[in-house]
Amino acid sequence: MALGSASFFIITSLIWPFRLTVNAAGCVVVVAGITIAKVETELLEPNATGIARAAALLRAGEVVALPTETVYGLAANALDAQAVARIYTTKGRPADNPLIVHVTGSEQAAELVTEIPPAAEALMAAFWPGPLTIVLPKRDLVPAITTATRPDVALRAPAHPAFQEVLAASGLVLAAPSANVAGRPSPTSAEHVMTDLAGRIPAVLDGGEASIGVESTVITLTSGEPRVLRPGGISVAQLSDVVGPVTIDDAVLAPVAADFLPGAPGMKYRHYSPRTPLIAISGPLRAQIDFLTQEAATRAMGIMSFDDDAAAFAPLPTISYGRRDDADSQARQLYTALRAVDDLGVDLVYVQIPGQNSGISAAIRNRLLKATGHQIISLN
Ligand code: TXA
Ligand code: MG
């Protein structure tokens, strides 16, 4: 990219007399192995100027954080191996974790895969644009780094208008993982992205709060029965209505053994985690209150609860994430609450986990089980 397109500052007194390397992105300046310079991150409005700026940066091989209806993504040209490499280094993402490629729809998808079977076509027709990612065998033009050397590629047409406009304006297909530092909760606002990546990326396009709040459902159609690799914005019941029976990857519901390779490589990593240890809790409210009151006598602990239950846990430090009977509101607030857990200033946080494993609650349960390392206290 042109260096002038992002404002730079370099602490020159620190760099002399060492050799200075500025990579093509201008994001990283390495001096004797130490990163000392940053870009100033532009916060772009989702208007014509902001869209054009995001598209220009992406066409120049840069990474830009973009809003989607699920979570914000850290986007780059999916067909440019160097641009995609920048996604991995910026996030600190493990090299074996492939990226989702975002497209305008089934026509663009068809250019990236060897074939679109009828089941995939039906899913695209039913759920695109929207929170469904479909894994299909890739064509050679998709670089190995985009799919972490896998022979298949994950495709999604996002519904957020600003993302769609950037796709149209850039003419690119965009690889984009969630725009968080690896291991942190996914960002559902431009502010979350800034917290994690300000100074490391040239721009964030502010498209407001994500309307869904958890990531897309990932389904593979590369062999046999359709298999859900990650629960998300589209439920298993919705999928079955369109393609009949679907199986669920083992990594979705249970902890992953060291020697097990999940269908979605990302599912083996601990994710969505605050720094404060987190334990899930479920069961009748009365039993939860009794249990937590006892626990609170022995350590500094807090609760991440449903809105309606927060008062019942007073005076323990509490943060809430949506109404007990409204899974959509829980999904929207889940990551904001997980990001605020560390601010409670306690040694341990118990989080109320939805009881049912259907609809979007399945995604919320999956994220919370991963955030807690599958530690759950079930009371009755
Ligand atoms: O809603 C979303 O999906 C967001 C927005 C930005 O689109 N993206 C997202 O990306 O959540 P990421 O990278 O955080 O999660 C992608 C998941 C990972 O678990 C990854 O391993 C899996 O999808 N995945 C990607 N490509 C795959 C492939 N070819 N085969 C199997 N799993 C794949
Ligand atoms: Mg992610």
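Both ligands and their constituent atoms are indexed starting at 1 by order of listing.
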Q. Would Ser178 count as a contact for the Mg ion (ligand 2), in the sense that one of its N, O or S atoms lies under 2.8 Å from it?
A. yes
Closest to [atom] (judged by heavy-atom distance), picking from [options]:
{"atom": "atom 32 (N) of ligand 1", "options": "Ala264, Pro158, Pro262", "value": "Ala264"}
{"atom": "atom 30 (N) of ligand 1", "options": "His160, Arg156, Arg150", "value": "Arg150"}
{"atom": "atom 2 (C) of ligand 1", "options": "Pro67, Pro187, Ser216, Gly233", "value": "Ser216"}

How close do [X] and [Y] get, heavy atom to heavy atom, and via which atoms?
{"X": "Val349", "Y": "Ile303", "value": "CG1-C, 4.1 Å"}
{"X": "Leu221", "Y": "Pro226", "value": "CD2-CB, 3.5 Å"}
{"X": "Ala300", "Y": "Val346", "value": "O-CB, 3.4 Å"}
{"X": "Leu285", "Y": "Phe313", "value": "CD1-CZ, 3.8 Å"}
{"X": "Tyr72", "Y": "Leu205", "value": "CE2-O, 3.3 Å"}

Numbered atoms of ligand 1 (with element) below 4.0 Å of [X], judged on heavy atoms:
{"X": "Asp152", "answer": "28 (C), 29 (N), 30 (N)"}
{"X": "Ala154", "answer": "25 (C), 26 (N), 27 (C), 29 (N)"}
{"X": "Val71", "answer": "4 (C), 6 (C)"}
{"X": "Ala176", "answer": "6 (C), 8 (N), 10 (O)"}
{"X": "Gly73", "answer": "6 (C)"}
{"X": "Thr70", "answer": "1 (O), 2 (C), 4 (C), 5 (C)"}
{"X": "Glu215", "answer": "1 (O), 2 (C), 11 (O)"}

Q: Test side-chain contact (heavy atoms from CB on, under 4.5 Å) on Asp307 and Gln333 and set out the steps.
A: CA-CA 11 Å; Asp307 298 341; Gln333 294 172 52; 4.3 Å; yes
Geometry only, no angles: is [X] polar-contacting ligand 1 at N/O separations under 3.5 Å?
{"X": "Ile100", "answer": "no"}
{"X": "Thr147", "answer": "no"}
{"X": "Lys91", "answer": "no"}
{"X": "Asn97", "answer": "yes"}

Using distance alone, with no hydrogens and no angle criterion, decide if [X] and [Y] have a side-chain donor and acceptor under 3.5 Å apart.
{"X": "Thr195", "Y": "Arg184", "answer": "no"}
{"X": "Ser305", "Y": "Thr318", "answer": "no"}
{"X": "Thr222", "Y": "Arg227", "answer": "no"}
{"X": "Ser186", "Y": "Glu215", "answer": "yes"}

**Q.** Worked check of side-chain hydrogen bond (donor to acceptor under 3.5 Å, both in side chains) between Thr133 and Ser216
**A.** CA-CA 6 Å; Thr133 295; Ser216 63; 2.8 Å; yes
At the 4.0 Å heavy-atom cut-off, does [X] count as touching ligand 1?
{"X": "Gly263", "value": "yes"}
{"X": "His102", "value": "yes"}
{"X": "Val135", "value": "yes"}

Q.
Counting only heavy atoms closer than 4.0 Å, does ligand 1 sit against the backbone of Leu229, its side chain, both, or neither?
A. side chain
Q) What part of Arg93, side chain, backbone, both or neither, has a heavy atom within less than 4.0 angstrom of ligand 1? A) side chain
Q. Applying the 4.5 Å side-chain criterion to the ILVMFWY set and letting contacts propagate, would Val113 and Val101 be lumped into a single cluster?
A. yes
